[in-house]
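Reviewing the structure listed below.
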Amino acid sequence: MKFENYLKEVFGKELYIENMSDNYFAPIFLHEQYEFFKSKIQETYVHFVVVKEKTPQIQSLHKHLELLNSYGIDKPILVFDSLRKEKRNRLIQERIPFICDNRQMYIPYLCMDINEYNNNVVVNKSTFSVWAQVLFIYFALNKIKVVDVSELIDKFSFSSMTASRALRELCDFGLLIDDGNRTRKKYRLIDMKNYWANGSKALMSPVKSKLYFENKPKNIKTLFSGETALSRQSMLIDANMVTLATVFKNRNEIEKDSKLLEDIEDLNQHVYCVEFWKYDPCILSKDKVHVDIISLYSAMQSHNDSRIDIEFKKLLEEELYGKDGYIY
């Protein structure tokens, strides 16, 4: 297996790959076109599907992979001796995992993309997009195990395309497992412990900008955020400055109706700091008074205060695992 040496260079010599080709578990025509191997990468079991000769068309590949999935070949990674640039680009567009030329690797559900110019792993785990983060938080707060796509579309009033992209992104981060074909996708969460441990690393701050005002904004719904929200839910001492959050589209209206403070010399004075968020904080808030704890955590990640770390640890563990430490 030429690709075995390449994989061991990337993931370490201890990587074990088992040949499955002698076991005829699928229709004969598939065994005639492919060889099958299984392995474990980053705690994820995968199957390598080696293309023997001519590369099938993309439509045929989709059908073959769906058929293999029904025979227990989940997380398939196609292996090619060579591919034209156009074919590689098409596979990436279709999010079909592959290895080719022993120098390029694309495995989206492990967030790996190794190009032909560099044999070092490039992990594309940066931060969530806005809607992927909203769904990540919603699933965690509500202990969702199986995703109801129609329910999401109704709740968040976004298009099926937006829902699909956000869910696909969570799959690429390894937080959801998808089953079924492209028209009947089903999604389920991995266990909550790993869901939070892995997903929390990709949280981005929802705060797009912030302004300071002499008075509290009127006629616009705001929620307590920042240290104000944290102190109201923990043992942290409340600051004089009141921090509020609203969606960014409300900025112009608030600026018109509230007295803006251009220069804040003392951040402890009694003023109102309004955070303008990339998404509406109300859609995830349970009490409609405070922003949700995970969004709050993501908004305050850049702080440098051990007291805040301690309070967040308590609140997040209680929210995600329950007061008794039970993992939902």
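- Scored by the ring-ring contact (aromatic ring centres under 6.0 Å, His included) test, Phe158 finds Trp131, Phe156 as partners (sequence neighbours excluded).
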Hey, mind stepping through Phe136 and Phe173 against ring pair (Phe, Tyr, Trp, His ring centres under 6.0 Å) and telling me if it holds? CA-CA 11 Å; Phe136 170 79; Phe173 272 92; 9.0 Å; no
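- In this structure, the side chains of Ser82 and Cys100 stay at 4.5 Å or more apart for every pair of heavy atoms.
- Under the 4.5 Å side-chain criterion, counting only non-hydrogen atoms from C-beta, Tyr106 is not in contact with Ile96.
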Candidate pair Val147 and Leu189, rule side chain to side chain contact (heavy atoms under 4.5 Å, CB included), full reasoning: CA-CA 8 Å; Val147 177; Leu189 273 68; 4.1 Å; yes
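- A donor-acceptor contact shorter than 3.5 Å links the side chain of Lys278 to the backbone of Ser205.
- In terms of heavy-atom proximity, Lys143 sits nearest to Leu320 at CE-O, 3.6 Å.
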Give the C-alpha distance, both sets of side-chain angles, the deciding distance and a yes or no for side chain to side chain contact (heavy atoms under 4.5 Å, CB included) between Tyr34 and Val51. CA-CA 5 Å; Tyr34 306 102; Val51 180; 3.8 Å; yes
Stepwise salt bridge (Lys or Arg N to Asp or Glu O under 4.0 Å) test for Arg168 and Asp172: CA-CA 6 Å; Arg168 183 68 259 169; Asp172 289 349; 3.4 Å; yes
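- By the criterion of side-chain heavy atoms lying less than 4.5 angstrom apart, applied directly or through intervening Ile, Leu, Val, Met, Phe, Trp or Tyr residues, Leu316 is grouped together with Val134 in one hydrophobic cluster.
- Side-chain polar atoms of Thr162 and Ser159 form a donor-acceptor pair below 3.5 angstrom.
- Put simply, the side chain of Glu66 does not reach to within 4.5 Å of the side chain of Asn69, judged on heavy atoms.
- A donor-acceptor pair under 3.5 Å is formed between the side chain of Asn198 and the backbone N or O of Asn194.
- Leu244 is not connected to Val247 by any chain of hydrophobic side-chain contacts under 4.5 Å among Ile, Leu, Val, Met, Phe, Trp and Tyr, and they are in different clusters.
- Side-chain atoms of Asp292 and Ser295 include a donor-acceptor pair closer than 3.5 Å.
- Comment: Asp178 does not engage Arg188 in a salt bridge, judged by the lack of any side-chain N to carboxylate O separation of less than 4.0 angstrom.
- Residues Ser39 and Glu18 fail the side-chain proximity criterion, which asks for heavy atoms closer than 4.5 Å.
- Heavy-atom contacts from other residues, nucleotides or ligands closer than 6.0 Å to NZ of Lys87 number more than 12.
- Between Phe213 and Ile254, the closest side-chain pair of non-hydrogen atoms falls below 4.5 Å.
- Between atom OG1 of residue Thr228 and atom CG of residue Asn240 there is a gap of 10.0 Å, rounded to the nearest 0.5 Å.
- The six-membered or imidazole ring of Phe312 lies near that of Tyr297, with a centre-to-centre distance under 6.0 Å.
- In this structure, His47 and Gly72 approach most closely via the heavy-atom pair CE1-O, 3.7 Å.
- The two residues Val49 and Phe36 make their nearest non-hydrogen contact at CG1-CE2, 3.9 Å.
- Note that CG of Leu68 is 14.5 Å distant from NZ of Lys63, once rounded to the nearest 0.5 Å.
- Electrostatic pairing of Glu318 and Lys314 does not count as a salt bridge here, judged by no charged N lying under 4.0 Å from a carboxylate O.
- Inter-residue side-chain proximity for Leu67 and Pro27 is flagged as met; some heavy-atom pair is nearer than 4.5 Å.
- Here the side chain of Ser164 pairs no donor or acceptor atom with the backbone of Ser160 at under 3.5 angstrom.
- Using a 30° and 60° split on the angle between ring planes, Tyr279 and Trp277 fall in the perpendicular class, above 60°.
- Rounding to the nearest 0.5 Å gives a distance of 9.5 Å between CD1 of Ile308 and CD of Glu311.
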Would you please test Val46 and Lys40 for side chain to side chain contact (heavy atoms under 4.5 Å, CB included) and show each step? CA-CA 6 Å; Val46 300; Lys40 187 179 182 181; over 6 Å; no
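- Using modelled atom types, one side-chain atom of Asn215 and one backbone atom of Lys259 make a donor-acceptor pair closer than 3.5 Å.
- No side-chain heavy atom of Glu214 sits less than 4.5 Å from a side-chain heavy atom of Val271.
- Val207 is connected to Val291 through a chain of hydrophobic side-chain contacts under 4.5 Å among Ile, Leu, Val, Met, Phe, Trp and Tyr, so both are in one cluster.
- Here the straight-line distance linking atom NZ of Lys75 with atom CD1 of Ile107 works out to 12.0 Å at 0.5 Å rounding.
- Interatomic distance, CD1 of Ile137 versus CG of Leu296, reported as 10.5 Å (0.5 Å rounding).
- No more than 12 heavy-atom neighbours from other residues, nucleotides or ligands sit within 6.0 angstrom of CD on Gln57.
- For the pair Arg232 and Phe224, the cation sits on the ring face: its NZ or CZ lies under 6.0 Å from the ring centre, inside 45° of the axis.
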Go through Val146 and Tyr187 one step at a time and tell me if the side chain to side chain contact (heavy atoms under 4.5 Å, CB included) criterion holds. CA-CA 6 Å; Val146 179; Tyr187 302 90; over 6 Å; no
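- Of the charged side-chain nitrogens involved, none lies within less than 4.0 Å of a carboxylate oxygen, so that Glu151 and Lys155 do not count as a salt-bridged pair.
- Within 6.0 Å of NZ on Lys218 lie no more than 12 heavy atoms contributed by other residues, nucleotides or ligands.
- Linking ILVMFWY residues whenever their side-chain heavy atoms come closer than 4.5 Å, directly or via other members, places Phe25 and Leu65 in the same cluster.
- At least one cation-pi condition fails for Lys208 and Phe276: the charged atom is not both under 6.0 angstrom from the six-membered ring centre and inside a 45 degree cone around its axis.
- Dense packing is recorded around NZ of Lys286, with more than 12 heavy atoms of other residues, nucleotides or ligands lying under 6.0 Å away.
- Applying the ring-ring contact (aromatic ring centres under 6.0 Å, His included) test to Tyr71 and every residue at least two apart in sequence or in another chain returns nothing.
- One finds a salt bridge joining Arg307 and Asp305 here, because a Lys/Arg side-chain nitrogen approaches an Asp/Glu carboxylate oxygen to under 4.0 Å.
- Defined by atom type and a distance below 3.5 Å, a donor-acceptor pair is present between the side-chain atoms of Ser129 and Glu169.
- Gln104 contributes no side-chain N or O that, together with a main-chain N or O of Ile99, makes up a donor-acceptor pair within less than 3.5 Å.
- In this structure, Met300 and Leu230 approach most closely via the heavy-atom pair CE-CD2, 4.4 Å.
- When all heavy atoms of Phe98 and Ile92 are compared, the closest pair comes out as CE2-CG1, 3.7 Å.
- Heavy-atom contacts from other residues, nucleotides or ligands closer than 6.0 Å to NZ of Lys52 number more than 12.
- Hydrophobic clustering places Phe29 together with Leu61 (ILVMFWY residues linked when any side-chain heavy atoms are closer than 4.5 Å, directly or through intermediates).
- Annotation for Lys221 and Cys282: closest pair CG-SG, 3.7 Å, computed over non-hydrogen atoms.
- You'll find the side chain of Glu4 stays beyond 4.5 Å of the side chain of Phe37, heavy atoms only.
- Summarising the geometry, atom OG belonging to Ser258 is positioned 9.0 Å from atom CG belonging to Asn219; distances are rounded to the nearest 0.5 Å.
- Between the side chain of Asp287 and the backbone N or O of Val289 there is at least one donor-acceptor pair closer than 3.5 Å.
- A donor-acceptor distance shorter than 3.5 angstrom exists from the side chain of Ser285 to the backbone of His290, with no hydrogens or angles considered.
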